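The structure appears right after this line, and notes come after that.
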Amino acid sequence: MECVSPRFITTSNFHITDISSRMTNEEMYRIIEGMLFVSNDPVQIKGLATALDKTIEETNQIMDDLIKIYEEDETRGIKIIRFDNKLIF
């Protein structure tokens, strides 16, 4: 998942720099989904907040919204599970 440009996700810390303020919720959802998909371990909320350049509170709200989308869509074959400030598919 390594990208050439430092303006996007990097393997070392999944950090997004100057584009985060312009991202839509849908773009953030895709980034979160990608991080959950490629991670072998549960992803910490704090790590997502860092990657999205958001506060933990903002990240929790984004996750609440994304989890609700997954719960309401009966066509999805996977769910996002939150436990101990961590997330996993």
Side-chain angles (χ1 to χ4, degrees):
M1 189 165 140
E2 189 167 23
C3 296
V4 176
S5 172
R7 297 179 59 169
F8 296 96
I9 300 171
T10 62
T11 304
S12 61
N13 62 7
F14 295 111
H15 190 67
I16 298 170
T17 56
D18 60 342
I19 62 169
S20 63
S21 63
R22 299 187 310 254
M23 284 191 300
T24 66
N25 281 353
E26 289 76 21
E27 291 169 323
M28 286 187 275
Y29 297 158
R30 286 193 294 261
I31 291 167
I32 292 166
E33 289 168 331
M35 290 175 67
L36 292 175
F37 183 76
V38 301
S39 179
N40 292 328
D41 299 311
V43 177
Q44 294 188 9
I45 295 287
K46 184 178 178 180
L48 288 175
T50 300
L52 297 171
D53 197 26
K54 300 290 181 189
T55 66
I56 290 176
E57 293 78 19
E58 290 170 321
T59 305
N60 275 318
Q61 181 60 55
I62 293 165
M63 286 312 309
D64 289 343
D65 296 343
L66 183 57
I67 288 169
K68 184 177 179 182
I69 290 168
Y70 270 74
E71 289 174 349
E72 291 176 351
D73 185 351
E74 296 178 6
T75 65
R76 291 187 184 262
I78 57 176
K79 300 290 181 199
I80 298 174
I81 300 170
R82 183 193 316 226
F83 64 97
D84 295 333
N85 291 318
K86 298 175 187 170
L87 300 157
I88 195 166
F89 268 134

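When reading the values below, keep in mind they use all heavy atoms of this one structure, side chains included, and skip hydrogens, waters and symmetry mates. As the structure is a computational prediction, the values presented were derived from the model and not from experiment.
Note that CE of Met23 and CZ of Arg30 are 10.5 Å apart. Values are rounded to the nearest 0.5 Å. One distance of note links OG1 of Thr59 with CG of Asp53; it measures 9.5 Å at 0.5 Å rounding. Distance check: Ile67 CD1 to Ile62 CD1 gives 12.0 Å after rounding to the nearest 0.5 Å.
Ile81 and Met35 fall into different hydrophobic clusters, where Ile, Leu, Val, Met, Phe, Trp and Tyr residues are linked whenever their side-chain heavy atoms come under 4.5 Å apart, directly or through other members. Under the 4.5 Å side-chain heavy-atom criterion for Ile, Leu, Val, Met, Phe, Trp and Tyr, Ile80 and Val38 are members of the same hydrophobic cluster.
Within a 6.0 Å sphere centred on NZ of Lys79, heavy atoms belonging to other residues, nucleotides or ligands number more than 12. Counting heavy atoms of neighbouring residues, nucleotides and ligands inside a 6.0 Å radius, atom CZ of Phe83 exceeds 12 of them. Shown here is Asn85, whose CG atom has no more than 12 heavy atoms of other residues, nucleotides or ligands within 6.0 Å.
Taking every heavy atom of both residues into account, Leu87 and Leu36 meet most closely at O-CD2, 3.6 Å. Considering every non-hydrogen atom in both Glu33 and Leu66, the closest pair reads OE2-CD1, 4.1 Å. Taking all atoms of both residues into account, the shortest heavy-atom contact from Ile88 to Pro42 is CD1-CG, 4.1 Å.
Between Glu58 and Leu52 there is no side-chain heavy-atom pair separated by less than 4.5 Å. No side-chain heavy atom of Asp41 sits under 4.5 Å from any side-chain heavy atom of Lys86. Within the 4.5 Å cutoff, side-chain heavy atoms of Arg82 are placed close to those of Asp64. Looking at heavy atoms from C-beta onward, Val43 lies out of side-chain contact with Ile32 at the 4.5 angstrom threshold. The side-chain heavy atoms of Tyr29 and Thr24, taken from C-beta on, include no pair separated by under 4.5 Å.
Tyr70 and Phe89 have tilted rings, their planes meeting at an angle from 30° to 60° on a 0 to 90° scale.
Side chains of Thr75 and Asp73: a donor-acceptor N/O pair is present below 3.5 angstrom, by distance only.
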